[in-house]
Structures are given as structure tokens and as C-alpha cells.
Amino acid sequence: MPELPEVQTVVTTLSSHVVGKKIRKVLHVRRDMITPDGFDFAAAIKGRTIESLTRRGKRIVFALDDANRFFIHLGMSGKLTAESAKAPILPHTHLIVDLGQSRQLRFRDPRRFGEIRWLGPTVGDEKMGPEPLVMRASQLAAKLKKTKRAIKNALMDQNVIAGLGNIYVDESLFAAGINPLTLASDLDEDAIRRLTKSIKSTLRRAIRHRGSTLRDYVDANGAAGRFKRLHRVYGRKGEPCAKCKTPIERIVLGGRSTCFCPRCQPL
DNA sequence: GTCCATGTTCTTTA
DNA sequence: CTAAAGAACATGGA
């Protein structure tokens with residue numbers, strides 16, 4: 001579920017439920033979802049007030065009133081919701097926090113690829129790439145010239161650019177007319193400028209439509225995203241390209257399915 | 001039973 | 001040594 005647009009939508013919809021709220025009680029924690037190993041997360045957050053909720057890449061960052069921070073990463077199947085204390089507790093719920101007024105913050109993640117990481121007073125993002133929505137083409141160029149991988153694989157790397165995943169890399173490359181197999185270091189200045197713009201416009205449009213729900217992604221209020229039907233290549237193998245009607249192709253790159261238009265994105 | 005999945009990290013290979 | 005490719009993680013749906 002969770003690439004930048006979905007994570008941003010969760011942050012937006014969750015904010016009003018948690019910012020300024022005090023953590024009254026930690027009702028449930030699955031300890032092996034917590035990093036670092038063995039850290040007493042419940043004790044660290046109990047009684048604290050949540051001062052802000054922000055996003056960095058795909059991380060949902062909670063800042064507490066004692067200047068400590070933690071983040072929740074949704075992995076593949078994570079859902080972070082604010083619900084009534086009376087709502088049934090679904091299977092694979094790994095964190096339940098009482099925020100008062102019969103509201104609970106809940107984290108559910110069947111596949112358990114997600115993570116709750118205690119940061120303490122640090123920011124902990126120094127290795128991460130730039131934020132796509134505010135980055136400049138020169139920042140992306142500096143990262144891409146250093147790697148000799150296919151552009152698809154480079155853009156999937158959170159240390160190159162933060163927040164993209166399989167859907168939005170494919171969609172952005174289509175919008176920019178760049179073949180996913182192109183060597184990252186082979187892209188010229190013009191192509192990187194085009195790519196930067198395509199990434200931004202693709203993500204902004206996806207956020208406007210509240211993200212993509214492929215199977216079961218929902219925001220903090222349980223609402224699905226509407227962007228899937230606007231995908232132009234992802235999950236559209238064999239369908240005619242929106243621009244030129246050539247059938248969309250699917251290949252495997254970096255172990256991930258990769259969809260593109262062979263005519264609009266020539267090598 | 002098989003294959004596939006919105007992600008990351010550890011291991012193996014070149 | 002480093003960078004890139006591959007395997008592994010855990011669950012559920014088609």
C-alpha cells in the first residue's frame with residue numbers, strides 16, 4: 001500500500017486525531033515490531049503528548065513533547081488508523097494506543113514488513129535521498145550520475161530519492177517518456193529535468209486522488225484511494241497505451257514487475 | 001498446490 | 001574493497 005501519496009494521505013487524515021493528544025495508555029504492543037530490539041516502547045510514549053505528525057519518505061514521524069521521536073513504516077500491508085475504542089480489534093493488530101475520548105490509534109500489518117522505530121531526539125534520515133515534491137533536478141542528477149543501475153532500480157532506492165515505490169516509479173517514467181532499463185548515469189540534463197517534473201506531477205496528482213488502493217490500502221479514517229484507475233502503465237500489461245495504443249509491456253527488474261510502453265518509452 | 005503482491009535488508013556474486 | 005543482483009522475510013488472495 002504505501003508509497004509517498006498513500007503515506008501522505010495517512011498523515012493528513014491522521015493528524016487531527018493525534019496532534020495535541022496525550023497518549024493515555026498503551027493497550028497493546030507486539031514487541032518484535034519495535035526497533036531497536038527490546039526497547040520498552042510503551043514506557044517511552046506513555047503520558048507523552050504528540051506534538052506533530054509528519055512524513056519523511058515513506059515514514060510517518062511522530063514528534064513528542066519531550067523532544068523524542070519515533071516513526072511508523074507501513075511496509076507492504078500496514079494500516080494506521082484512528083478508530084473508536086468500541087470498534088472490533090481485527091487480526092494482526094500490533095499497536096493500540098488510547099488517545100482519550102474513546103479514540104484509539106491502531107496499527108495493523110498482516111505481513112509484518114512494517115516497523116515502529118524509536119528515534120530518540122535524532123532525525124535519523126541522513127542517508128535518505130531528497131523529498132521528491134521539493135527537490136531540484138540538480139539534486140536528483142547528483143544522485144543518478146553516481147550509479148550504474150537501470151533508472152527503475154535507482155529510483156526504487158530510498159537513498160537516491162525518498163518515497164517512491166513500484167507504482168510511482170513506473171508511472172513517473174512513463175510520464176517522462178524514459179525506458180526503465182535506461183542506465184541512470186546515461187540520462188542527460190534535459191532528461192533528468194523532465195523526470196523531476198514528471199515525478200512531482202505524478203505524485204501531486206496521486207495525492208489529490210488520495211493514493212492508490214490496489215487491494216486494501218485505506219487512510220486513517222478507513223477510506224480507500226481513488227488513483228488506481230488513473231494508472232497509465234502500472235498493472236496494465238497488454239492494455240493499449242493511453243498515448244499511442246501500443247500494448248503495455250511487463251518485464252521484471254530488480255525482482256519487481258515493471259510496466260512501460262515500448263513506443264512512448266524507447267530505449 | 002502455484003504465483004503474485006504498494007517494501008526493506010541481509011547475503012551472495014561479480 | 002564496492003556495487004549490483006538475488007534471496008529472504010510473512011500473509012493472503014487469485
Side-chain angles (χ1 to χ4, degrees), chain A residues 1-11 30-37 55-60 71-80 90-94 107-117 124-125 127-129 132 143-174 180-186 199 202-203 205-207 209-220 223-238 250-259:
Chain A
M1 332 157 166
E3 298 181 38
L4 189 151
E6 292 77 37
V7 175
Q8 182 61 52
T9 303
V10 170
V11 167
R30 179 168 171 136
R31 298 291 295 268
D32 67 3
M33 296 296 290
I34 308 288
T35 311
D37 230 37
R55 179 192 57 75
R56 173 73 171 107
K58 298 172 189 171
R59 301 173 171 182
I60 298 167
F71 72 75
I72 293 182
H73 193 296
L74 300 176
M76 285 279 238
S77 61
K79 285 167 267 298
L80 192 58
L90 299 171
H92 311 293
T93 298
H94 308 310
F107 177 48
R108 202 159 87 76
D109 181 15
R111 289 174 75 177
R112 271 184 278 139
F113 287 174
E115 178 188 18
I116 300 169
R117 189 187 303 179
D125 70 343
K127 288 176 70 178
M128 274 178 117
K143 291 285 191 176
L144 294 182
K145 74 174 183 203
K146 287 191 290 196
T147 184
K148 186 186 163 318
R149 281 179 288 181
I151 184 65
K152 157 88 183 200
N153 293 337
L155 294 177
M156 292 285 287
D157 183 342
Q158 301 301 298
N159 298 328
V160 169
I161 180 170
L164 299 188
N166 213 25
I167 296 174
Y168 297 105
V169 168
D170 282 9
E171 292 297 318
S172 299
L173 288 173
F174 174 80
L181 287 163
T182 312
L183 241 39
S185 53
D186 280 356
I199 289 169
T202 300
L203 294 176
R205 230 159 61 87
I207 290 169
H209 292 273
R210 322 211 108 217
S212 305
T213 295
L214 299 191
R215 178 173 299 146
D216 51 9
Y217 159 75
V218 290
D219 68 20
R226 311 184 313 259
F227 192 64
K228 180 182 169 194
R229 57 189 195 85
L230 299 176
H231 293 171
R232 294 194 280 181
V233 287
Y234 183 85
R236 298 204 179 280
K237 175 181 120 179
R250 176 188 180 274
I251 58 175
V252 174
L253 263 185
R256 316 304 296 259
S257 97
T258 299
C259 300

In chain order, what residues pass the side chain to side chain donor-acceptor pair (under 3.5 Å) check against [X], with sequence neighbours excluded?
| X | value |
| --- | --- |
| A/Thr258 | A/Lys152 |
| A/Asp37 | none |
| A/Thr35 | A/Glu115 |
| A/Arg55 | A/Gln8, A/Glu131 |

When the distance from [atom1] of [X] to [atom2] of [N] is rounded to whole Å, what number comes out?
| X | N | atom1 | atom2 | answer |
| --- | --- | --- | --- | --- |
| A/Lys79 | B/dG7 | NZ | P | 14 Å |
| A/Lys152 | C/dA5 | NZ | C1' | 15 Å |
| A/Leu4 | B/dG7 | CG | C1' | 14 Å |

- [ ] Pick the P atom in C/dA7 and in B/dC3, then give their distance to the nearest Å.
- [x]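 Here C/dA7 and B/dC3 have their P atoms 14 Å from each other.
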Open item on the list: Just to verify, which of A/Asp109, A/Val11, A/Val10 counts as forming a side-chain contact (heavy atoms from CB on, under 4.5 Å) with A/Leu80?
Closed with: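 Going through the options one by one, the only one that passes is A/Val10.
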Looking at [X], does any N or O in its side chain come under 4.0 Å of the phosphate oxygens OP1/OP2 on [N]?
| X | N | result |
| --- | --- | --- |
| A/Ser257 | B/dA5 | yes |
| A/Arg256 | B/dA5 | no |
| A/Gln158 | B/dT8 | yes |

Open item on the list: I'd like to compare against my own output: the B/S/- annotation of nucleotides 6-14 of chain C with a strict under-4.0 Å heavy-atom distance to protein.
Closed with: ---BBBS--
Open item on the list: Holding to side-chain contact (heavy atoms from CB on, under 4.5 Å), I want the full list of residues that pass it with A/Ser185, two or more places apart in sequence or in another chain.
Closed with: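 Per chain and number, A/Ser185 pairs via side-chain contact (heavy atoms from CB on, under 4.5 Å) with A/Leu183.
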TODO: List in chain and number order the residues that pass side-chain contact (heavy atoms from CB on, under 4.5 Å) with A/Leu230, two or more places apart in sequence or in another chain; answer none if no residue qualifies.
DONE: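 Per chain and number, A/Leu230 pairs via side-chain contact (heavy atoms from CB on, under 4.5 Å) with A/Arg205, A/His209, A/Phe227.
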Open item on the list: Can you list everything that forms a salt bridge (charged side-chain N to carboxylate O under 4.0 Å, His left out) with A/Lys58? Sequence neighbours excluded, please.
Closed with: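 Applying salt bridge (charged side-chain N to carboxylate O under 4.0 Å, His left out) to A/Lys58 gives none.
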Open item on the list: According to salt bridge (charged side-chain N to carboxylate O under 4.0 Å, His left out), who are the partners of A/Arg210, at least two apart in sequence or on a separate chain?
Closed with: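 If we apply the salt bridge (charged side-chain N to carboxylate O under 4.0 Å, His left out) test to A/Arg210, skipping adjacent residues, the hits are A/Asp219.
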For nucleotides 10-14 of chain B, list the nitrogen or oxygen atoms of the protein found under 3.5 Å from its nitrogen or oxygen atoms, one pair per line.
none

Please write out the pairs of protein N or O atoms and N or O atoms of nucleotides 1-4 of chain C separated by less than 3.5 Å, giving the distance to one decimal.
residue : atom : partner  : partner atom : Å
C/dA4   : OP1  : A/Thr147 : OG1          : 3.3
C/dA4   : OP1  : A/Lys148 : N            : 2.7
C/dA4   : OP2  : A/Thr147 : OG1          : 3.3

Open item on the list: Once pairs are restricted to Watson-Crick or G-U wobble with both distances under 3.5 Å, how does DNA chain B read as a dot-bracket string, [ ] for crossings and | for other-strand pairs?
Closed with: .||||.||||||||
